[in-house]
Amino acid sequence: MVPGSPSWRERARACDHRRVSTTSTPYARGQVPPLPGAGGPGAPPRFVRRSDGRLVGGVASGLAVHLGVQPLAVRITFALLAALSGFGIVLYLGLWIFTPLDQTVARQADEQAPAGIAAATRAGKRRRRLRAPRKGDLGQLVALCLLGVGLALLVQQTPLGISPTVFVPILLAGLGVALIWRTADEQERRRMFALSPRAPWLAPLVGKGGAVAIFRLAAGAAVIVAGVVAFLVGQGQLEATLDSLLGVGAVVVGLALILGPWLWRLWRDLESERHERIVSQERADVAAHLHDSVLQTLALIQKHAHDPREVVRLARGQERDLRGWLYDDLADDESSFAAALKKTAAEVEDFHGVPVEVVTVGDTGIDDRIRAMLKAAREAAVNAAKHSGADKVDIYAEVEGDDVELYVRDRGKGFDPESVPEDRLGVRRSIVDRMDRHGATAEIRSAPGEGTEVRLSTRRGTA
Amino acid sequence: MTEPETTGPREIRVVLVDDHAMFRTGVRAELGSSVAVVGEAADAQEAIRVVLETQPDVVLLDVHLPGGGGAEVLRQVHPKAADVKFLALSVSDAAEDVIGTIRAGARGYVTKSITGDELVAAIVRVADGDAVFSPRLAGFVLDAFAGSEPPSVDEDLDRLTSREREVLRLIARGYAYKEIAKELFISVKTVETHVSAVLRKLQLSNRYELTRWATDRRLV
């Protein structure tokens, strides 16, 4: 069972992680266009079998990505090579065996999700939303196979060809190996579909130890045996080979009986040990986080039990922190405008004890103008929190093309902008002047009793 | 989301679905006598049974629920009881949960930190057949429909009108429906119509951008 051996899996996973580290930045989510350092372009992607968009084993599409050509071209090449005495088939099978499977599909299901989402998914509290693996085109597969077989038959007629007594057995054996390897790959996919509640009727097919998988394994083995037998019969050596085969078989069975249980146990131990290590590490992370933040906050809340405003502030801050940890994977990105805005809002919220809700559409990197805008937004939010008397402040920011707009709004008591006393220069100087200096505009709408809205707008690019 | 216009004499019948009993009790207390809570359920299977039995007007549905989540309840109940309206109520405000639940058929999404009055207003709105968009949901939708798009077959479905965009923007800026109506010189009913149209597009559109945006966030 080569595909099940730990080293093979480890390799697949190791390479998978390397890919994650280069592509799972926000850039890959199509959100933050100009962020630098999001993955290293230039180097060709590693050669891995593709789990999405594959026809058979993902070898051709993987190779196509690696070489930067169309998958169809690679597939046709394989079909042409297959005509050379089945060389293409053998090559394909070889690559299939020795190339790890990239785990795009599996990764999308679990690993990229924020902690809270992933946990809820694992606990079956969410519907598992896989991106359906892009179905390869069955017609194309059939066409390519026919092309290969046709060419092979054509070559048979020329001096280049080899006799059917060799060719047919090779083809049969190839088919058998393909079937068996298909089963091995099926196990990868099965793990992801195993929890799917959507299609219970699929259970025998995708459940553990599926009868179909065993059947497929048996069918593959039978086809291989048929191929070998056909070959030997063709060569007229069946009798002699059977004798020596019997001897080899006896030795193999003996060895398997002696070593089998031991190897099996060793492998299981390795697997479970690795699993436990991961689980205990995760548990340690969670415990550390809970201790650092939640426990501290609970202690503080008990101390401040007499001060409802402080209790709300603490609870709110903790909620935000936990929420960011569970559901938001962009929280610590320092080069993202949206993340910086959220951070600014959180600071105002912490300091003044008024909830500040942030909604952002689109995102951008941070330059001088954006920085000025963030400062102005902070000033506006602080003003709203301190003076308006509103119980919450709403911030909305939108990046559309090069235009960046930001609104800070409260439903507080408002004021008459025309009659701001000279001594209260906070608004004018901090917000309007700051924006003016950076070639941006600030506009303040307010009326007594109507609340206040500050609208900031600028363009991306250095000032 | 502020003005509860209690229409008609009939009380709105509500089913609460949440796996935390304490939270159900809390919501029940907060709702008080403004609506009639006719059933509760703690997991997906129970929810499906209770909802089909009681045929409520509105189901308050937790998104993370043992037995396949709120989406599973939506998927199974929707074909059998199209009149039952769902308002998703969740502690999570992650994009995949919000958009995923709306696309599965919920008519609104509010987070659990919502106040009792706001929740009642949202229930009334959903019961009346309108949609409830929180500022965050409006932001997600604007994000999903952002950018220009080559003309497609379902052009109407795949594009927000400039008016719908304006309405969504105001929701995202924290405006209540009444305030939006005032700002744009239209009636509250018209605002509701626009929001319902956006909801429909969000549920039905196969817009390439929306699909891509969704798959970027691992949902289909």
Side-chain angles (χ1 to χ4, degrees), chain A residues 26 28-31 107-114 116-117 119-121 123-132 195-198 316 319 322-323 326-329 355 357-363 391-401 405-411 450-451 453 455, chain B residues 2 19 43-44 62-75 90-97 100-101 104 111 113 115 134-148 168-176 179 182-183 209 211-220:
Chain A
R29 299 166 68 203
Q31 286 299 300
R107 194 174 65 230
Q108 275 160 352
D110 275 336
E111 293 180 20
Q112 267 188 342
I117 302 275
T121 309
K125 291 191 176 187
R126 301 177 74 245
R127 197 136 61 91
R128 201 157 267 239
R129 295 176 186 287
L130 291 183
R131 171 152 82 176
L195 286 173
S196 165
R198 281 182 78 170
R316 172 92 189 160
E319 183 200 338
L322 215 48
R323 189 181 287 285
L326 284 174
Y327 299 118
D328 196 357
D329 41 3
E357 299 281 355
V358 180
V359 174
T360 56
V361 172
D363 201 354
D391 55 2
K392 93 177 180 178
V393 180
D394 286 292
I395 297 184
Y396 171 67
E398 182 175 318
V399 181
E400 200 179 14
E405 285 198 331
L406 197 154
Y407 298 84
V408 181
R409 181 169 191 278
D410 68 70
R411 280 212 195 80
E450 300 264 301
E453 185 170 61
R455 173 176 176 276
Chain B
T2 43
D19 52 334
D43 62 48
D62 190 12
V63 172
H64 292 172
L65 201 62
E72 179 68 14
V73 180
L74 278 164
R75 201 178 60 82
S90 172
V91 70
S92 154
D93 51 12
E96 47 259 75
D97 283 339
T101 308
T111 50
S113 52
T115 65
S134 65
R136 185 167 286 264
L137 174 53
F140 286 149
V141 176
L142 282 170
D143 223 352
F145 279 90
S148 57
L168 279 185
R169 251 190 210 121
L170 286 167
I171 294 177
R173 276 158 64 182
Y175 282 61
E179 294 167 316
K182 197 175 149 208
E183 176 82 16
E209 280 290 334
T211 320
R212 202 201 61 186
W213 185 86
T215 45
D216 277 349
R217 286 173 164 74
R218 302 169 304 278
L219 53 117
V220 176

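Naming convention: chains lettered A, B, ... in sequence-line order (proteins, then strands); numbering from 1 in each chain. Side-chain atoms are counted along with the backbone in the values below, which use heavy atoms only and exclude waters and symmetry mates.
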Which atom pair, heavy atoms only, marks the closest approach of Asp143(B) to Thr360(A)?
OD2-O, 4.4 Å

Side chain, backbone, both or neither: which part of Asp43(B) has a heavy atom under 4.5 Å from chain A?
neither

Within this structure, what is the CG-OH distance for the pair Leu170(B) and Tyr407(A), rounded to the nearest 0.5 Å?
8.0 Å

Contact class of Val358(A) relative to chain B, heavy atoms under 4.5 angstrom
backbone

Which atoms of Glu357(A) are under 4.5 Å from chain B, going by heavy atoms: the side chain, the backbone, both sets, or neither?
neither

Between the CG atom in Asp394(A) and the CD1 atom in Ile171(B), the distance rounded to the nearest 0.5 Å is 12.0 Å

Relative to chain A, which of Arg173(B), Glu179(B), His64(B) shows the most heavy atom pairs under 4.5 Å?
Arg173(B)

Salt-bridge criterion met for Arg169(B) and Glu405(A) (N-O under 4.0 Å)
no

Engaged part of Val359(A) at the chain B interface, taking heavy atoms whose separation is under 4.5 Å
side chain

